[in-house]
Amino acid sequence: MPALSATLTSAFFDRDPRKVARALLGKLLVRKDGRSRLAGRIVETEAYLGADDAAAHSAAGKTARNSVLFGPPGIAYVYFIYGNHYCLNVSCLPDGVAGGVLFRALEPVAGVEQMAEARGIEIHGLEDLKNASLLRQISSGPGRMSEALGVTRERDNGKNLTSPRSDLRIVDDGFRVRKIAVTPRIGITKAAADPLRFVVAGNPFVSGRRPIG
DNA sequence: TTATAGATTGCCT
DNA sequence: GGCAATCTATAAT
């Protein structure tokens, strides 16, 4: 990791989820797992606004499940969906105001083989490490990237992502994305037309059939 | 107490 | 392209 890397602070998340979702593109999501370090570059996010967003988990008010979204910024909100998958979000806006950003896809950067193993994908040698379609299966989708990084509700929900000692953090290593595309969000039925999904244009690790841009 | 939909994925045809 | 897997929250009995 370059010398000028910095963990994002709570101030970064203390603003409109649309701004946070856009600004997160190109940052690194880093997991410290014992002696190993797993990292992926964020290439796809979705903004979930508070009270005015029918598709947001916070839309119906505060419950035990979604309380993190109503708390201070920079906290991990992890939920279990369809009986199969975990999805990772980060809370935005000040304590008392709901809002968050869903992480949807990563480009694997470090610990690629361990992430593949967590996904049940076999990687054998340099040949596979260059196999784009194989690498794509590791973390191109919210459930996939959570599995690759070992994210679960039990382990990570409520975790402060802005603490330097956290085993799950978001790091700015100076990388800047070239172009950002904005589209409607994926897999929702309410407020489905709103352009609140942000992707790195042309990046092959974005979820879905083909790259955007 | 029972039913249903859900911020998904992988396997089937 | 269709659909099952399988947990959770919430709505409907």
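In this text, all values refer to a predicted model and were calculated from it rather than measured experimentally. A note on names: the letters A, B, ... follow the listed sequences, proteins ahead of strands, and every chain is numbered from 1.
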> In terms of side-chain geometry, is the basic nitrogen of A:R31 or A:D33 positioned less than 4.0 Å from the acidic oxygen of its partner?
Replying inline: no
> In what stems does DNA chain B take part, counting only runs of at least 3 consecutive Watson-Crick or G-U pairs whose two distances fall under 3.5 Å?
Replying inline: B:1-6 with C:7-12, B:8-12 with C:1-5
>> If I take atom CD1 in residue A:I186 and atom C1' in nucleotide B:dG6, what distance separates them, rounded to the nearest angstrom?
In response: 15 Å
>> Distance check needed: B:dT8 C1' versus A:F103 CZ, whole Å only.
In response: 18 Å
>> Say we look at B:dT4 and C:dA4: how far apart would their C1' atoms be, to the nearest angstrom?
In response: 16 Å
> B:dG10, B:dG6, B:dA7: which one has an atom nearest the side-chain heavy atoms of A:R119?
Replying inline: B:dG10
> Any chance CD of A:E122 has more than 12 other-residue heavy atoms, nucleotides or ligands included, within less than 6.0 Å?
Replying inline: no
> Should the ring pair A:Y86 and A:F80 be called parallel, tilted or perpendicular, given that the plane angle runs from 0 to 90° and is split at 30 and 60?
Replying inline: tilted
>> Rounding to an integer number of Å, can you tell me how far A:M145 CE sits from B:dT9 C1'?
In response: 15 Å
> For the pair made of OH in A:Y86 and C1' in B:dT9, what is the distance, rounded to whole Å?
Replying inline: 15 Å
>> Please check: side-chain N/O of A:N66 versus main-chain N/O of A:G61, any donor-acceptor pairing under 3.5 Å?
In response: yes
>> Under the salt bridge (charged side-chain N to carboxylate O under 4.0 Å, His left out) test against A:E46, which residue among A:R18, A:R104, A:R22 passes?
In response: A:R104
> Which nucleotides of nucleotides 2-13 of chain C have their base under 4.0 Å from a protein heavy atom (B), which only their sugar-phosphate (S), and which neither (-), written as one string 5' to 3'?
Replying inline: ---BBBSSS---
> On the ring face of A:Y48, is A:R185 found with NZ or CZ under 6.0 Å from the centre and within 45° of the axis?
Replying inline: yes
> Can you find a side-chain donor-acceptor pair between A:S91 and A:N89 that sits under 3.5 Å?
Replying inline: no
>> In whole Å, I'd like the distance from the CZ atom of A:R144 to the P atom of B:dA7.
In response: 19 Å
> Roughly, in whole Å, what's the span from CD in A:E44 to C1' in B:dT8?
Replying inline: 13 Å
>> Looking at A:K159 and A:D156, is there a salt bridge between them, counting it only when a charged N and a carboxylate O are closer than 4.0 Å?
In response: yes
>> Need to verify one output field. Residue with the more 5' nearest nucleotide on DNA chain B, A:E147 or A:V101?
In response: A:V101
> Roughly how many Å is it from NZ in A:K190 to C1' in B:dG6, rounded to a whole number?
Replying inline: 9 Å
> Rounded to the nearest Å, what distance is computed from the CG atom of residue A:D53 to the C1' atom of nucleotide B:dG6?
Replying inline: 15 Å
>> I'd like to know if A:K190 pairs up with A:D194 as an ion pair, taking the criterion as any Lys NZ or Arg NE/NH1/NH2 lying under 4.0 Å from an Asp or Glu carboxylate oxygen.
In response: no
